[in-house]
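Heavy-atom basis, side chains included; hydrogens, waters and symmetry copies ignored. In what follows, every chain begins at residue 1, and chains take the letters A, B, ... in the order their sequences are listed.
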Amino acid sequence: MSSTYNHKIIEETVQKKWSKEERYLSKVDDREKYYCLSMFPYPSGKLHMGHVRNYTIGDVISRYKRMRNFNVFQPMGWDAFGLPAENAAIANNVNPSDWTDQNIENMKTQLQSLGFSYDWSKELRTCDPSYYKWEQLIFKKFFDAGLVYRKKSLVNWDPVDETVLANEQVIDGKGWRSGAQIEIKEIDQWFIKITDYADELLDSLESLDWPENVKLMQKNWIGKSNGAEIKYKIHGSDEFLTTFSTRPDTIYGVSFIAISPNHPMAIKLSEDDDSILSFLEKCKETSAAEADMAKAEKLGIDTNIKVIHPLTGEKLSVWIGNFVLLDYGTGVVMGVPAHDSRDHEFAKKYNLEIKQVIKSENDELPSVEKGTLINSDTFDGLSSEEASKRIITKLIELNSGEELIQFRLRDWGVSRQRYWGCPIPVVYEDGSPKVIDELEMPIELPKLGKNSQPIPLSQNSDFINASDNIMRESDTFDTFMDSSWYYARFTSADNDKQIFDENSKYWLPVDLYIGGIEHAILHLLYSRFFHKALRDIGLVEGDEPFKRLLTQGMVLKDGAKMSKSKGNTVDPQPYIEKYGADTVRLYMMFTSPPEQSLEWSESSVEGAARFLKKIWSLVEGRRYINFECEFEFEKDEVDLRRKSHATLKKVEHDYEIRFSFNTAIAAIMELLNYIPDNFKNENASDAQKFCLNEAIVFSLKMLSPIAPHICEYLWEDFFFDGDSIESSWPEFDENIIEADEFELIIQVNGKVRGKMVISKSLEEDEVKNLAMEEDNVKNHLNENTIKKIIFIKDKLINFVI
RNA sequence: GGGGAUGUGGUGGAACUGGUAGACACGCUUGGCUUAGAACCAAGUGCCGCAAGGCGUGGGGGUUCGACUCCCUCCAUCCCUACCA
């Protein structure tokens, strides 16, 4: 009598076996390697369904690759520094370090219960000094390579809490805790010259096997544009205001010049002018986030300064505009209201001239399209492209400008004024900064007492006062620094002598990187930059860290990204307990393709559980029979074999090429539904049993990357003294898949009017005659003249009447 | 504001290269089993219509013998926007 499917016993048994065998520890050997990495989590407390989805995808591919005889490396670790630990510490009176440790422990238990085949011997956490000492060393090497500098830059300042706020902590211009109106403040910070690599970051995108949309986002983010620097002489002075524009062809449409509120000239003017001063104060009230600035109403103030247009000699007013960014271009823009929508909005508001100088198909202003020049003196009639070239030439002659390539990408500000982060390894000796020696690393984060709240390092006098005239840097690193090189450290995580040892040469680069689409730009761009910079200082090989990328869509709840900070997470634990890890994994993979975003719903978890029960009751108690003889197969046997082999081919393609696990599962379900009931009987013929054997072997193997516990458990019993289920992937036979008949679709005027199963060997004429005789088709043809026949071999015939 | 995506039955989704729209599931309906329920099994299930047939992939337009798929346009939703990770 067969037993019922008990996920608890099965999963426990199988997981114990894995850990006893140390099955997923990876060692360098002579097989082809496959480094499969899923983005490590921030230890926020518990896993949520977004994590389950991400890590199941990674595990399915790892297990599949292992069956294809790849040497697979799949590590896991913790992105453990960050703001939420500080917030939790303040809210619950716990130490950020204890809170983080506790969360890691919980989440690790959850990951293990899901049966992910990680090599835990390489586990790392970014908050360990043993990890971040190497990060401090990298910073030093970057500094020595000239990639690090200090610069003033803007932060959100909460005047009540007297802290710097993250953009996320500013809600409608107010501090989230204090509710105070935030202000933009300028402070000294550390920067890394990612812009030195702008061209390479752009060019080598081409070599990557990444989704096109991600490459496009990175390309647009880097934003290389050809344009011109144009100098406007200040009236009554020998000085110039230099603007950057990508559209020099619109220069005759300039009706004003606008400078950023943070431009030195604006700040200087505010010293003697109260109305300008109060305008600048007002500009400080919008948060530093780009989205907030762009959405804010365009505001400006006339400085009463005039500049001279280099080509027309016209006097133009200089305004201060809140929409001008100091960090992009020169912090000064030429206002062309007819051909730029921001300039247009601004000009409308302040009644500035709107002069059309480009004629394009769409004449409605503002029109940002390129076209033909009008109202542009001798340049009239030229195309935008040609005019841009000639105008630049003219400006060069007049010594009023030059051609310039500009990037949107800005240097990376890595300073954070917080506690729970990696200390920046710098000391100030009599005020001047110096990166500390490697031998003194790591500079450890000072420990806090048991329930004590985090205080920014700047307020920790024991920490900052290193000695009489030596002060420590109080900023910590942006946590993106921590996550920019962990993929490489994993390969050597158990080596405390070397940052990257011999193993790193074998395992790198990452063959497949899997993570949320929300990381498409920042994290992935910073990591790519790190890899190139590490290459140039001789620490890694190759140009790119991640060969292939799979970006999974967001798991949404109530229409928003599932995350701890939004408080809309769904904990997988109750589902794991009730249905088991295999069901949860199967459900997550079945419910939608990985790249698509997914609104959480538990509506068909039951269906996944039911399917596992079904395969259990088919296989449990049955034994593989090794037939020696050859068979003459009957039709239904041939059909089942064709289905088995065709399914295997499809699933292979779905795992390997498409990453389309939902369709792979559907195909396996179809195969099981396809098995005729009489094949499962005791008194089935040997040939039938042979075909059933094949279907079962294929199904268990195909399903095992997704539901590894039940498949391995069933396999051990079914195949008793044979190989492990992981030892191989079966092979399909194209000859068995090939059929000699197909279903012909018969259309009249593009509408399906009939179907018939016919032999593939028929000629077009024979097919046509057969098709025309089909009853319903005959009706629709109804003695009309056939004007045209479209014939697609082995598929369709369409009569046009 | 800018950049990137998505939109198909009551629900999740399938249709891979312009060629059968709705595979596979969930749910629901009916029947079987059962004292009853759960579980399980069988049949049905896009919409309108008694039927013949017609309509149907966010809305509108176009290309084509043929459009979920290509083009134009509009709408809605989600992600990123440099200090959430």
Side-chain angles (χ1 to χ4, degrees), chain A residues 4 39 41-42 44 79 81-84 87 155-156 164-170 194 211 213-214 216-217 219-221 223 287-296 298 323 327 341-342 345 408-418 478-480 483 516-523 525-526 553-554 556 559-561 563-566 587 590-593 595-599 601-608 610-611 613 617 650 653-654 657-658 660 662-663 665-670 673 743-752 755 787-790 792 795-796 798-801:
Chain A
T4 52
M39 290 181 185
Y42 179 79
S44 54
D79 189 12
F81 272 137
L83 204 47
N87 295 334
V155 294
N156 303 308
V164 174
L165 298 181
N167 286 335
E168 188 188 50
Q169 297 173 309
V170 180
I194 188 173
N213 63 329
V214 176
L216 189 58
M217 279 190 257
K219 178 174 180 256
N220 291 335
W221 183 264
S287 91
E290 193 206 79
D292 292 331
M293 294 218 258
K295 268 180 259 168
K298 312 269 170 296
F323 61 99
D327 287 325
S341 44
R342 285 158 308 177
E345 192 186 328
R408 207 189 77 97
L409 180 69
R410 306 196 297 258
D411 275 338
W412 178 10
V414 296
S415 288
R416 297 293 180 271
Q417 297 69 39
R418 305 205 210 296
D478 176 8
T479 54
F480 276 125
S483 56
I517 183 68
E518 72 271 26
H519 295 292
I521 298 174
L522 293 179
H523 164 61
L525 192 68
Y526 291 141
M554 306 269 71
L556 308 175
K561 158 177 157 181
S563 75
K564 185 81 187 291
S565 61
K566 292 208 173 81
Y587 173 66
F590 184 56
T591 197
S592 81
E595 306 221 68
Q596 203 160 302
S597 64
L598 154 75
E599 172 70 33
S601 134
E602 55 159 38
S603 63
S604 52
V605 183
E606 290 279 356
R610 205 174 292 166
F611 174 63
K613 274 186 226 161
S617 64
K650 182 189 166 47
H653 186 250
D654 284 350
I657 313 291
R658 296 209 308 160
S660 170
N662 56 331
T663 52
I665 295 165
I668 302 168
M669 287 173 166
E670 264 188 78
N673 291 344
E743 191 182 43
L744 175 77
I745 303 305
I746 310 163
Q747 298 185 332
V748 178
N749 281 347
K751 290 200 166 136
V752 180
K755 299 173 188 180
K787 289 188 200 143
K788 195 173 172 185
I789 295 174
I790 311 283
I792 311 288
K795 197 162 257 173
L796 160 150
N798 183 12
F799 299 102
V800 184
I801 56 173

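- Under the salt bridge (Lys or Arg N to Asp or Glu O under 4.0 Å) criterion, A:R416 pairs with A:D478, not counting sequence neighbours.
- The base of B:C83 lies outside donor-acceptor range of the side chain of A:N167, with no N or O pair under 3.5 Å.
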How is the base pairing of RNA chain B summarised as a dot-bracket string, given the Watson-Crick and G-U wobble criteria with both distances under 3.5 Å, [ ] for crossing and | for another strand?
(((((((..(((......[....)))((((((.......))))))(((....)))..(((((..]....))))))))))))....

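- Contacts of A:F323 classified as ring pair (Phe, Tyr, Trp, His ring centres under 6.0 Å), with partners at least two apart in sequence or in another chain: A:F346.
- Panel note: side chain A:N156, backbone A:L165; a donor-acceptor pair is recorded below 3.5 Å.
- The side-chain hydrogen bond (donor to acceptor under 3.5 Å, both in side chains) check on A:D327 picks up nothing, with sequence neighbours excluded.
- As judged by a 4.0 angstrom heavy-atom cut-off over every strand, A:S660 is placed among residues making no nucleic acid contact.
- Rounded to a whole angstrom, the distance from the P atom of B:C48 to that of B:A43 is 25 Å.
- With sequence neighbours excluded, no residue satisfies ring pair (Phe, Tyr, Trp, His ring centres under 6.0 Å) with A:F590.
- Nucleotides B:C50 and B:G60 have their C1' atoms positioned 35 Å apart, rounded to a whole Å.
- Heavy atoms only, all atoms of each residue included: A:N87 and A:Q169 are closest at OD1-NE2, 3.8 Å.
- Note on A:N749: every side-chain N or O is 4.0 Å or more away from OP1 and OP2 of B:G66.
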Could you pull out the protein-nucleic contacts involving nucleotides 21-32 of chain B (nitrogen or oxygen on both sides, under 3.5 Å)?
residue	atom	partner	partner atom	Å
B:A23	O2'	A:E670	OE2	3.2
B:A25	OP1	A:N673	ND2	2.6
B:C26	OP1	A:R610	NH1	2.5
B:C26	O2'	A:S603	O	2.7

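- Shown here are the salt bridge (Lys or Arg N to Asp or Glu O under 4.0 Å) partners of A:E599, two or more places apart in sequence or in another chain: there are none.
- Residue A:E290 places a side-chain atom within donor-acceptor reach of the base of B:G1, judged by atom type and a 3.5 Å distance cut-off alone.
- Taking the six-membered ring for Trp and thresholds of 30 and 60 degrees, A:F480 and A:Y526 have ring planes inclined between 30 and 60 degrees apart.
- Looking only at distances, a side-chain donor or acceptor of A:N749 sits under 3.5 Å from a matching main-chain atom of A:I801.
- In this structure, CD of A:Q596 is placed 10 Å from P of B:G12, rounded to the nearest angstrom.
- A:M293 has its CE atom 16 Å from the P atom of B:G1, to the nearest Å.
- When heavy atoms are screened at a 4.0 angstrom cut-off, A:T479 is found touching the sugar-phosphate backbone but no base atom.
- At a threshold of 4.0 angstrom between heavy atoms, the contacts of A:H653 include nucleobase atoms, whether or not backbone atoms are also involved.
- If you check every strand for non-hydrogen atoms under 4.0 Å, A:K298 touches nothing.
- When heavy atoms are screened at a 4.0 angstrom cut-off, A:L83 is found touching the sugar-phosphate backbone but no base atom.
- Contacts of A:P41 with the nucleic acid, taken as non-hydrogen atoms under 4.0 Å apart, are absent.
- Comparing B:G62 with B:A15, their P atoms are spaced 29 Å from each other, to the whole Å.
- For A:E290, the salt bridge (Lys or Arg N to Asp or Glu O under 4.0 Å) criterion is met by A:R408, not counting sequence neighbours.
- Using a 4.0 Å heavy-atom cutoff across all strands shown, A:N798 reaches at least one base atom of the nucleic acid.
- A:F799 comes within 4.0 angstrom of nothing in the nucleic acid, heavy atoms only.
- Between A:M39 atom CE and B:C84 atom C1' the separation is 15 Å, expressed in whole Å.
- Regarding A:Q169, its CD atom lies at a distance of 9 Å from the C1' atom of B:C84, rounded to whole Å.
- The phosphate of B:C83 (OP1 or OP2) has a side-chain N or O of A:R416 nearer than 4.0 angstrom.
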Run the numbers on A:Q596 and A:N662 for side-chain contact (heavy atoms from CB on, under 4.5 Å), then give the verdict.
CA-CA 12 Å; A:Q596 203 160 302; A:N662 56 331; over 6 Å; no

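- Residue contacts shown for A:V214 are absent, as no nucleic acid heavy atom lies under 4.0 Å away.
- Taking syn as a glycosidic angle within 90° of 0, B:G9 qualifies as syn.
- Partners of A:D411 by side-chain contact (heavy atoms from CB on, under 4.5 Å), not counting sequence neighbours, listed by chain and number: A:Y149, A:F191, A:K193, A:I194, A:T195.
- For the C1' atoms, the distance from B:A36 to B:U45 is 28 Å, rounded to whole Å.
- Within 4.0 Å (heavy atoms only), A:E595 reaches no atom of the nucleic acid at all.
- Of the C1' atoms belonging to B:G18 and B:C80, the separation is 33 Å, rounded to the nearest Å.
- In this structure, NZ of A:K751 is placed 13 Å from C1' of B:C65, rounded to the nearest angstrom.
- Here, B:C84 and B:U77 have their P atoms 24 Å apart, quoted to the whole Å.
- Across all their heavy atoms, A:K298 and A:R342 have their closest contact at CE-CG, 3.6 Å.
- Under the salt bridge (Lys or Arg N to Asp or Glu O under 4.0 Å) criterion, A:D654 pairs with A:K650, A:R658, not counting sequence neighbours.
- For the pair A:L216 and A:P84, both in contact range of RNA chain B, the more 5′-proximal nearest nucleotide belongs to A:L216.
- As rounded to whole Å, 10 Å separates atom P of B:U81 from atom CD of A:E168.
- Distances from the side chain of A:Q417 to the nucleotides B:U81, B:A85, B:C83 place B:C83 closest.
- Of the residues near RNA chain B, A:S341 and A:V800, the one whose nearest nucleotide (by heavy atom distance) lies more toward the 5' end is A:S341.
- Rounding to whole angstrom units, CG of residue A:L409 and C1' of B:U81 are separated by 13 Å.
- Using a 4.0 Å heavy-atom cutoff across all strands shown, A:A520 reaches no nucleic acid atom at all.
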Write out a two-atom table: protein N or O, nucleotide N or O from nucleotides 73-80 of chain B, distance below 3.5 Å.
residue	atom	partner	partner atom	Å
B:C79	OP1	A:K561	N	3.2
B:C80	OP1	A:K561	NZ	2.6

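- With rounding to whole Å, A:L525 atom CG is found 17 Å from B:A85 atom P.
- Straight-line distance between the P atoms of B:G10 and B:U57: roughly 13 Å, to the nearest whole Å.
- Partners of A:E602 by side-chain hydrogen bond (donor to acceptor under 3.5 Å, both in side chains), not counting sequence neighbours, listed by chain and number: A:Y575.
- Closest to the side chain of A:A291, out of B:G19, B:C83, B:G1, is B:G1.
- The same atom, P, is picked in B:G13 and in B:A23; the two are 15 Å apart, to the nearest Å.
- Among the heavy atoms of the strands lying under 4.0 Å from A:S592 are primed sugar atoms or P, OP1, OP2 only; no base atom is included.
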